[in-house]
Amino acid sequence: MYHPRLYGEFYEMGLKYGTLLKEKADFKLPEISTQKFEFGLESYKELHSFYPEVVEEIEGFAKGIDDKPENLAAFLLSLGIFDTSGQCSVFAFKNKDSVIVGRNYDMLFEYKKFTESSLIAPKDKLSYISQSDVFIGRSDGINEKGLSIAMSFVNGTTVQPGIGFHFVVRKVLENCSTTQQAIELIQKTKVSSANNFLIADKNLDIAVVESAPQKSVIRRPIEGERYIYITNQFVTEEMKAFDRGGVEWSKSSERYNGLKDHLASIENLNLQKAKEILSDKCVCLDLRKEKFGTIWSVVANLNDLIIERAESKPKSTNYKPETRLDWWLKKKQK
């Protein structure tokens, strides 16, 4: 897993990272199909209005790798649309005075070599720690305001040129301080595909946005429960019509029920117990035949901004502290 630290102007962040990859690894964009390229270019038009600052970063990165911004954008904005995407298990739990979040990212094992956990601190935006299996876009993260967001793929019934989850997650982390702000941002976005977004903040507000090109629905904890969780299906009646299913190969229902059983049995949740949940065989994927499984795992206390990460199949003993956000916040104060 790479660990870049990117801060400053958007264009400069892109140029710095692209140049580094070009110099160190002679990075070149993978070839993509005509279908993906055309879809990505149409989506790039949407990105210009959705988040023009990230367009500047794409331009800088493209300069760094000596390629065209349109080629880079088409690649990024077609990811996870036509091919296998992350399966994933995510939860949030409210204690009396804190929120604990946990997230497993499940993907083809071969993607391990592309994973990164980044400290990103754009000028005039919120700073955050986030994980991804592709540069620029994000799959989950926690920002300096104690807001967490993580996505999970849903096999939707349609796709459209628009904003992919990588950029939805990123805009939330850089611009939102509360769960409600994040919900409003997502619901206003022209999304490309179906996904669940689990959002939590340090004010004990936790929610899921079941999101598809056709519509979106907000899901909150059932009355009397202090937790919420997602795997890879829509569970509200309003959204089931936009979910084609076909994800049981990744044990989506088994993982969903595993999270439910664990969380329902807990009075108070700490980080150690969160690690044990994510490491449990009912939640952690290890599909040898499909060469697919959990390739990173993150737990965090949003109130204390304590973050720990396992950079492979999680065990309760292999998470390590993530301190770069704390480093950055102290650096800003000097």
Side-chain angles (χ1 to χ4, degrees), residues 1-2 4 6 10-11 13-48 50-52 54-88 105-118 130-139 151 153-156 158-170 190-195 213 246-247 249-250 287 290-293 295-296:
M1 183 172 262
Y2 296 103
L6 302 170
F10 280 83
Y11 183 89
M13 290 194 299
L15 180 62
K16 174 184 176 181
Y17 199 17
T19 301
L20 179 65
L21 291 181
K22 181 69 174 178
E23 292 177 348
K24 299 293 185 182
D26 193 26
F27 175 82
K28 293 181 176 63
L29 286 173
E31 292 187 8
I32 60 174
S33 67
T34 300
Q35 179 191 31
K36 290 183 178 180
F37 185 79
E38 292 176 352
F39 184 96
L41 277 188
E42 285 299 309
S43 297
Y44 194 32
K45 297 175 185 177
E46 299 289 339
L47 189 65
H48 275 80
F50 176 74
Y51 208 5
V54 167
V55 171
E56 295 175 14
E57 186 169 346
I58 288 172
E59 291 170 349
F61 193 101
K63 176 71 173 177
I65 63 171
D66 193 25
D67 208 325
K68 296 178 180 179
E70 293 79 7
N71 293 339
L72 175 60
F75 168 73
L76 292 171
L77 289 159
S78 62
L79 284 172
I81 304 298
F82 304 104
D83 301 323
T84 300
S85 191
Q87 294 297 289
C88 311
Y105 186 79
D106 307 323
M107 182 49 99
L108 291 164
F109 292 138
E110 66 185 68
Y111 275 66
K112 285 183 182 180
K113 57 188 176 184
F114 303 116
T115 58
E116 59 181 53
S117 175
S118 306
S130 64
Q131 287 65 231
S132 185
D133 53 18
V134 65
F135 42 85
I136 301 182
R138 306 288 94 194
S139 298
M151 55 68 62
F153 165 82
V154 175
N155 191 21
T158 190
V159 298
Q160 66 180 357
I163 309 303
F165 68 81
H166 293 101
F167 293 98
V168 176
V169 169
R170 175 148 185 186
K190 181 182 178 181
V191 298
S192 290
S193 59
N195 292 282
V247 295
W249 65 271
S250 70
L287 306 176
E290 292 83 358
K291 299 180 181 179
F292 196 102
I295 59 175
W296 78 70

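Keep in mind the model is a prediction, meaning the values are calculated, not measured.
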Next on the checklist: Can you tell me if Lys36 has over 12 outside heavy atoms packed within less than 6.0 Å of its NZ?
Outcome noted: yes

Next on the checklist: Any non-hydrogen side-chain atom of His166 less than 4.5 Å from a side-chain atom of Val134?
Outcome noted: yes

Item to check | salt_bridge(Arg170, Glu57) N-O dist < 4.0 Å | outcome: yes

Checklist entry - Are Leu29 and Asp67 close enough that some pair of their side-chain heavy atoms sits under 4.5 Å apart? => result yes

Checklist entry - Is there a side-chain contact between Ile81 and Phe39 (heavy atoms, below 4.5 Å)? => result yes

Next on the checklist: Test your reading of the model: is there a side-chain donor-acceptor pair from Ser192 to the backbone of Gln160, 3.5 Å cut-off?
Outcome noted: yes

Item to check | Beyond-backbone contact of Lys63 with Tyr11, side-chain heavy atoms, under 4.5 angstrom | outcome: yes

Checklist entry - Got Thr115 and Tyr105 here, is their nearest side-chain heavy-atom distance under 4.5 Å? => result no

Checklist entry - Between Asp106 (side chain) and Gln87 (backbone), is there a donor-acceptor pair under 3.5 Å? => result no

Checklist outcome for this item: Between the CG atom in Leu41 and the CG atom in Asn71, the distance rounded to the nearest 0.5 Å is 8.0 Å

Checklist entry - What's the verdict on side-chain contact (heavy atoms from CB on, under 4.5 Å) for Phe292 and Trp249, showing C-alpha distance, side-chain angles and the deciding distance? => result CA-CA 10 Å; Phe292 196 102; Trp249 65 271; 3.7 Å; yes

Checklist entry - Between the side chains of Gln131 and Ser139, does any donor sit under 3.5 Å from an acceptor? => result no

Item to check | Pair Leu15-Phe61, side-chain contact (heavy atoms from CB on, under 4.5 Å): steps then yes or no | outcome: CA-CA 5 Å; Leu15 180 62; Phe61 193 101; over 6 Å; no

Next on the checklist: Distance check, rounded to the nearest 0.5 Å: Asn195 atom CG versus Met151 atom CE?
Outcome noted: 4.5 Å

Checklist entry - How close do Gly156 and Ala194 get, heavy atom to heavy atom, and via which atoms? => result CA-CB, 3.7 Å

Checklist entry - For Lys190, does the NZ atom have more than 12 heavy-atom neighbours from other residues, nucleotides or ligands under 6.0 Å away? => result yes

Item to check | Centroid-centroid distance, Phe135 to Tyr17, less than 6.0 Å | outcome: no

Checklist outcome for this item: In terms of heavy-atom contacts, Glu116 and Arg138 come closest through OE2-NH2, 2.6 Å

Checklist entry - Would you say Ser78's side chain and Gly40's backbone share a donor-acceptor pair under 3.5 angstrom? => result no

Checklist outcome for this item: Interatomic distance, CD1@Ile295 vs NZ@Lys113, rounded to 0.5 Å, equals 12.0 Å

Checklist entry - Got a second to check how far Leu79's CG is from Asp133's CG, nearest 0.5 Å? => result 7.5 Å

Next on the checklist: I need the Thr19 OG1 to Phe27 CZ distance, nearest 0.5 Å.
Outcome noted: 12.5 Å

Next on the checklist: If you apply the rule side-chain contact (heavy atoms from CB on, under 4.5 Å), what do you find for Ile163 with Leu77, and how did you get there?
Outcome noted: CA-CA 7 Å; Ile163 309 303; Leu77 289 159; 5.5 Å; no

Item to check | Ring geometry between Tyr51 and Phe10 (parallel below 30°, tilted from 30 to 60°, perpendicular above 60°) | outcome: perpendicular

Checklist outcome for this item: Between the CD atom in Glu46 and the CZ atom in Phe167, the distance rounded to the nearest 0.5 Å is 13.5 Å

Checklist entry - Is the shortest heavy-atom distance from the side chain of Lys45 to the side chain of Phe50 under 4.5 Å? => result no

Next on the checklist: So Pro69 and Tyr44, do their side chains get closer than 4.5 Å, heavy atoms only?
Outcome noted: yes

